[in-house]
2 protein chains.
Amino acid sequence: MSKEQTRARLLDAAERLFAENGFDGTSLRTITSAADANLAAVNYHFQSKEGLIAAVFSRRIEPLNQERITRLDQAIRAAAPAPPDLEDILRAFLLPTLRLRGTADGLEAGHFLQLLGRVFSDPGSIKAVVLSQFRPTAQRFLEVLSQALPQLPRPELLWRLHFLIGSLAHAHAAGELIRLMSAGACDPDDGEGVLQHLTTFAAAGFRAPHTRPAPQKASMVNP
Amino acid sequence: MSKEQTRARLLDAAERLFAENGFDGTSLRTITSAADANLAAVNYHFQSKEGLIAAVFSRRIEPLNQERITRLDQAIRAAAPAPPDLEDILRAFLLPTLRLRGTADGLEAGHFLQLLGRVFSDPGSIKAVVLSQFRPTAQRFLEVLSQALPQLPRPELLWRLHFLIGSLAHAHAAGELIRLMSAGACDPDDGEGVLQHLTTFAAAGFRAPHTRPAPQKASMVNP
DNA sequence: GTCTATATGGGGATAGAC
DNA sequence: GTCTATCCCCATATAGAC
């Protein structure tokens with residue numbers, strides 16, 4: 001068994017098992033037997049369990065960022081010199097992840113989406129790694145969004161971007177829950193459908209007039 | 001030390017520690033020493049760790065549901081015989097959780113929000129307990145939303161409700177991350193501010209015209 | 001009801017042979 | 001590079017004294 005093959009099998013098995021049972025819920029013993037590898041192989045290839053977790057994320061995040069930026073640049077060029085349509089910006093952001101569901105190699109990558117959706121709310125230390133890799137891309141999108149919606153104050157734009165990320169993360173991480181709660185009416189595996197629904201919803205949300213300082217009712221804390 | 005006091009201290013400590021370190025990341029030893037109780041007390045009061053987790057949720061969820069329904073009924077009565085404003089429906093749903101931040105007894109309950117936001121994407125078996133307690137309330141809101149937006153097909157309405165839940169869960173569970181990513185411009189502890197921003201965003205999203213079957217571009221899978 | 005002590009099992013990591 | 005065997009730690013749960 002070659003070195004690279006073992007490494008890849010470990011990553012695939014870890015990705016799937018972490019998605020299904022969580023990081024703490026998956027032992028190295030479970031991973032290595034699923035990957036037909038030896039227990040010590042994890043420490044040889046990734047130094048530690050934390051190293052393995054970080055590697056599971058890094059392997060997918062870099063291509064994901066690249067595809068997002070490529071599609072964003074395409075949208076910018078196609079619309080130049082005007083700013084691109086809001087919908088096209090959103091699609092450039094959403095499509096690269098949603099596309100991972102239901103495609104050929106997506107059989108593996110689908111598990112990764114669950115992890116990615118969960119990472120924002122996870123208590124562990126993985127957030128730092130993922131966030132540092134995600135930040136430049138988010139910053140880039142923020143700038144372009146800001147040009148497309150120049151009347152929106154920056155904090156409001158930030159909140160709306162977070163709501164978008166939350167909706168996307170929820171669709172990824174809680175897919176089976178959504179299927180269950182909707183009694184099958186919502187299919188989280190239909191990436192194209194989710195893309196359509198989320199783009200429509202979020203585009204309208206982003207275009208909403210900006211929030212007024214607060215209505216003249218009493219404070220909500222003591223209504 | 002009375003029985004009820006010990007029970008309550010265990011729940012408080014567990015709530016905080018689970019929020020900070022996750023369920024698997026928190027041992028019964030850590031909980032019992034934080035609560036100044038004996039290790040065996042957990043098994044005496046809650047039978048098992050799972051029982052403790054379930055109790056942490058049940059204690060908060062029931063009042064939360066009641067407040068949501070009460071506010072929804074108020075909005076319905078105030079607007080009768082017309083359906084209530086979309087914004088009022090959304091506020092009835094959002095306010096009871098967001099209000100838990102920054103209020104007096106909210107010092108404890110704030111930790112609960114993190115848990116609640118995380119539970120949808122957690123790999124464990126807690127989902128089932130929480131979902132079963134949440135479902136009737138969600139169903140009720142769905143009906144009222146459906147009356148306020150009669151032109152929206154049911155699946156689209158369901159998706160939009162899931163996007164709302166995702167945004168809310170993200171604001172709760174990833175609060176510190178949002179603060180960090182926005183370099184302080186977004187304050188997740190300002191419940192009233194989050195309520196304003198999210199209501200504006202989501203109301204516009206819910207009001208968007210319903211998604212058309214699909215644009216006549218090529219499939220997104222092979223663009 | 002509360003405590004101490006312990007049973008029982010599993011975890012991550014590593015040393016050293018091959 | 002890969003494997004076996006093992007070290008050492010900590011978890012949940014319970015039995016039985018107080």
Side-chain angles (χ1 to χ4, degrees), chain A residues 1-59 115 118-119 122-129, chain B residues 1-59 115 118-119 122-129:
Chain A
M1 224 80 83
S2 95
K3 177 175 175 175
E4 298 309 321
Q5 277 177 351
T6 300
R7 214 187 117 96
R9 280 206 322 284
L10 283 171
L11 285 172
D12 287 340
E15 186 171 84
R16 180 173 61 82
L17 291 164
F18 283 151
E20 286 168 2
N21 308 318
F23 299 118
D24 293 318
T26 308
S27 69
L28 295 185
R29 284 169 171 81
T30 311
I31 294 170
T32 49
S33 41
D36 260 315
N38 187 273
L39 173 59
V42 168
N43 288 295
Y44 175 77
H45 285 282
F46 306 100
Q47 284 73 52
S48 68
K49 186 177 183 177
E50 276 235 340
L52 172 61
I53 295 175
V56 164
F57 278 100
S58 323
R59 177 174 68 149
L115 288 182
R118 202 183 295 156
V119 82
D122 245 59
S125 58
I126 316 97
K127 279 199 293 266
V129 179
Chain B
M1 222 80 81
S2 95
K3 178 174 174 174
E4 298 308 322
Q5 277 175 350
T6 300
R7 214 187 116 97
R9 280 206 322 283
L10 283 172
L11 285 173
D12 287 339
E15 186 171 84
R16 180 173 61 80
L17 290 164
F18 284 151
E20 287 167 1
N21 309 318
F23 300 117
D24 292 318
T26 307
S27 71
L28 295 185
R29 283 172 171 79
T30 311
I31 294 170
T32 48
S33 42
D36 260 315
N38 187 273
L39 173 59
V42 167
N43 286 298
Y44 175 77
H45 285 282
F46 306 100
Q47 285 73 53
S48 67
K49 186 176 182 177
E50 275 235 342
L52 173 61
I53 295 174
V56 164
F57 278 100
S58 323
R59 178 174 69 148
L115 287 182
R118 202 184 294 156
V119 82
D122 244 57
S125 58
I126 317 97
K127 278 200 294 268
V129 179

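Convention: sequence-line order gives letters A, B, ...; per-chain numbering from 1. Heavy atoms only: backbone and side chains are in, while hydrogens, waters and symmetry mates are out. Owing to the predicted nature of the structure, the values given are computational and were not obtained by experimental measurement.
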J.: Applying the side chain to side chain contact (heavy atoms under 4.5 Å, CB included) test to I31(A), which of L52(A), D12(A), L39(A) qualifies?
T.: L52(A)

J.: Short question: side chain of R7(A), backbone of F46(A) - any donor-acceptor pair under 3.5 Å?
T.: no

J.: Calculate, to the nearest 0.5 Å, the distance between atoms OG1 and CD belonging to T26(B) and E15(B) respectively.
T.: 12.5 Å

J.: Between the base of dG12(C) and the side chain of R29(A), is there a donor-acceptor distance below 3.5 Å?
T.: yes

J.: Taking C-beta and beyond as the side chain, do T32(B) and L10(B) meet within less than 4.5 Å on heavy atoms?
T.: yes

J.: Taking atom C1' of dG1(C) as reference, at what distance in whole Å does atom CG of L39(B) sit?
T.: 15 Å

J.: Once rounded to the nearest 0.5 Å, what's the spacing between atom CD of E20(B) and atom CG of L115(B)?
T.: 10.0 Å

J.: Starting at CG of L28(B) and ending at P of dA13(D), how long is that distance when rounded to a whole Å?
T.: 6 Å

J.: Any side-chain N or O of S27(A) below 4.0 angstrom from OP1/OP2 of dG11(C)?
T.: yes

J.: Expressed as a whole number of angstroms, how long is the span from I31(B):CD1 to dA13(D):P?
T.: 11 Å

J.: Quick one: which of dT14(D), dA13(C), dT4(D) gets closest to the side chain of A40(A)?
T.: dT4(D)

J.: Is any side-chain heavy atom of T6(B) closer than 4.5 Å to a side-chain heavy atom of D36(B)?
T.: no

J.: Nearest whole Å is fine: how far is dG1(C) C1' from Q5(B) CD?
T.: 14 Å

J.: Figure out the CZ/P separation between R9(B) and dT2(C), and round it to whole Å.
T.: 9 Å

J.: How close or far is atom P of dG11(C) from atom NZ of K49(A), stated in whole angstroms?
T.: 9 Å

J.: By a strict heavy-atom criterion of less than 4.0 Å, which residues belonging to residues 41-48 of chain A are in contact with DNA chain D?
T.: Y44(A), H45(A)

J.: Measure from CZ on F23(A) to P on dG12(C) and round the result to the nearest Å.
T.: 13 Å

J.: Check this one for me: any side-chain N or O of T6(A) less than 4.0 Å away from OP1 or OP2 of dG1(D)?
T.: no

J.: Looking at the side chain of N38(A), which of dT4(C), dT6(D), dC3(D) is the nearest nucleotide?
T.: dC3(D)

J.: Give the rounded distance in Å between these two atoms: CG of D24(B) and P of dG12(C).
T.: 12 Å

J.: Working to the nearest 0.5 Å, report the span between OG of S33(A) and CG of L17(A).
T.: 8.5 Å

